[in-house]
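Only one structure is covered here, and it is reproduced in the block below.
For ligands, and for the atoms within them, numbers begin at 1 and follow the listed sequence.
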Amino acid sequence: MPTLNETYVTKGSWRPNLFEGKVVFVTGGAGSICRVQTEAMVLLGANAAIVGRNKQKTDEAAKDIQSLRKGSKVVSLPDVDVRDVKQLAEAVKKTVAELGRIDFVIAGAAGNFLADFNHLSSNAFKSVVSIDLLGSYNTVKACFEELRKNKGAIIFVSATLHYYGVPFQIHVGAAKAGVDALSNALAVEFGPIGVRSNCIAPGPIEGTEGMSRLAPKGLESVKSKIPLQRLGTKQDIADATVYLFSPAAEFVTGDVLVVDGGSWQVSQGAGSQDYPVTLKKALAAPGAKL
Ligand code: HXC
């Protein structure tokens, strides 16, 4: 089921057809965060192509998102692993063949699970860094020709957990720190050719796959510790996305837009409620193979 509906256009902050004639290419577009980003772009006039590893999930998401606006086209690109730049290049080729162009890129495909250092194998660390960081690089690599031609813009989906130390998230923190560095350097390299690069760093957003992995018991208990006293919604991420791709942000590049209600400023990441009890047990137990 889609998260947004037509009231996003009729009653929201954004004007209809804001992205008419534009095309957004989204990795992880069938997941929760990137899916709502795609929904917002499509509702506001864009066509989209979504890349995913799972065929059924990606096909269903594309169909659902396309149903949000009459006349829109949302192309499903399943069986693509962002760790493989050739698969991404093929997906870009199909997108251009079907939709004519790519203006915007959302590099959002990510992998995550909770594991302390003792239970994190070298291969597990490598898997997450490869999906999140190398996958982000590969996505831009595959889209570069289109971005250059159309003076496009990129949004990387980052996080806040590398701003401080978050237990059980060594792999993701390292990967997302790299994503921020990648975005900053691209902003500087691509600025002169009219291509912008920014990150969105979501905080605790309710109803997302990430949060169900990171806080399986739910996030109600952390609400009062969030300065704005509520959890984020997927629409908060949609709105940040629209802003960064819209002409309102045409002078914004190399930025990280943190959408977390002020959470990271109080430096108690979600999931660290019982620190260090669980962590001590995990580090004392037998670990993963090397
Ligand atoms: C320890 C684990 C593990 C766990 C997997 N591994 N899960 N180690 N604890 N819970 C290890 C495996 O044992 C293996 O290492 C290595 O990781 C690779 O796993 P594979 O299953 O072989 O395949 P791969 O396709 O590489 O796996 C990708 C994955 C997986 C990331 C590990 O979890 C995945 O595909 N997830 C689906 C996508 C996803 O996570 N979406 C959520 C995104 S939300 P060994 O040594 O045994 O070979 C998100 C939010 C981030 O990213 C922001 C936070 C605020």
Exercise check, heavy-atom protein proximity under 4.0 Å to atom 13 (O) of ligand 1
no
Would you confirm whether any non-hydrogen atom of the protein falls under 4.0 Å from atom 20 (P) of ligand 1?
no
Shortest protein contact, atom 34 (C) of ligand 1 (heavy atom only)
R53 NH2, 3.7 Å
Are any of the protein's heavy atoms under 4.0 angstrom from atom 30 (C) of ligand 1, yes or no?
no
Kindly confirm or rule out an N or O of S127 lying under 3.5 angstrom from an N or O of ligand 1.
yes
Where ligand 1 meets H119 - atom numbers and elements under 4.0 angstrom, heavy-atom basis
1 (C)
List every atom of ligand 1 that sits less than 4.0 Å from any heavy atom of K289, numbering the atoms from 1 in the order shown and giving each element.
45 (P), 46 (O), 47 (O), 48 (O)
Just by distance, do the side chain of N198 and the backbone of V256 share a donor-acceptor pair under 3.5 Å?
no
My question is simple, although I want it checked carefully: is atom 46 (O) of ligand 1 less than 4.0 angstrom from any protein heavy atom?
yes
Any heavy atom of R83 sitting closer than 4.0 Å to ligand 1?
yes
Under 4.5 Å between any side-chain heavy atoms of V85 and Y137, yes or no?
no
For atom 9 (N) of ligand 1, which protein heavy atom lies nearest, and how many Å away is it?
F113 CD1, 3.5 Å
Is the shortest distance from atom 23 (O) of ligand 1 to a protein heavy atom below 4.0 Å?
no
Is the shortest distance from atom 4 (C) of ligand 1 to a protein heavy atom below 4.0 Å?
yes
Flag, side chain of D81 to backbone of R83, donor-acceptor distance under 3.5 Å:
yes
N150 side chain to E146 main-chain N or O, any donor-acceptor pair under 3.5 Å?
yes
For atom 37 (C) of ligand 1, grab the closest protein heavy atom and report residue, atom and distance to one decimal in Å.
R213 NH2, 3.4 Å
Is a side-chain donor or acceptor of E206 paired with a backbone partner of L231 at a separation under 3.5 angstrom?
no
From the list S136, S197, C143, side chain to side chain contact (heavy atoms under 4.5 Å, CB included) partner of V105 resolves to C143
Would you say the side-chain atoms of D84 pair up with the backbone N or O of K86, donor to acceptor, closer than 3.5 Å?
yes
Would the distance check show the side chain of K176 and the main-chain N or O of V157 forming a donor-acceptor pair, the cut-off being under 3.5 Å?
yes
Treating T27 as the side-chain partner and A109 as the backbone partner, does any N or O pair qualify as donor plus acceptor under 3.5 Å?
yes
Ligand-side contact atoms (ligand 1) for residue partner L161, heavy atom cut-off under 4.0 Å
54 (C), 55 (C)
Is there a donor-acceptor pair closer than 3.5 Å between any side-chain N or O of S32 and the backbone N or O of E209?
yes
Output yes when a side-chain donor or acceptor of R148 lies under 3.5 Å from a complementary backbone atom of I193, and no otherwise.
no
Sub-3.5 Å N/O-N/O distance, S158 and ligand 1
no
I131 touching ligand 1 at heavy-atom level, < 4.0 angstrom
yes
Test of proximity, Q169 against ligand 1: N or O pairs below 3.5 Å
no
Which protein non-hydrogen atom lies closest to atom 15 (O) of ligand 1, naming both residue and atom, and how far is it?
S121 OG, 3.4 Å
Atom CD of Q229 with >12 non-hydrogen neighbours under 6.0 angstrom:
yes
If you scan protein heavy atoms around atom 48 (O) of ligand 1, the nearest is N123 ND2, 2.8 Å
Heavy atom of the protein closest to atom 40 (O) of ligand 1 (residue, atom name, distance)
N112 N, 2.9 Å
Could you find the nearest protein heavy atom to atom 43 (C) of ligand 1 and give me its residue, atom name and distance?
A110 O, 3.6 Å
Which residue and heavy atom of the protein sit nearest atom 44 (S) of ligand 1, plus the separation
G210 CA, 3.4 Å
If we ignore hydrogens and angles and just use 3.5 Å, is the side chain of R35 paired with the main-chain N or O of I65 as donor and acceptor?
no
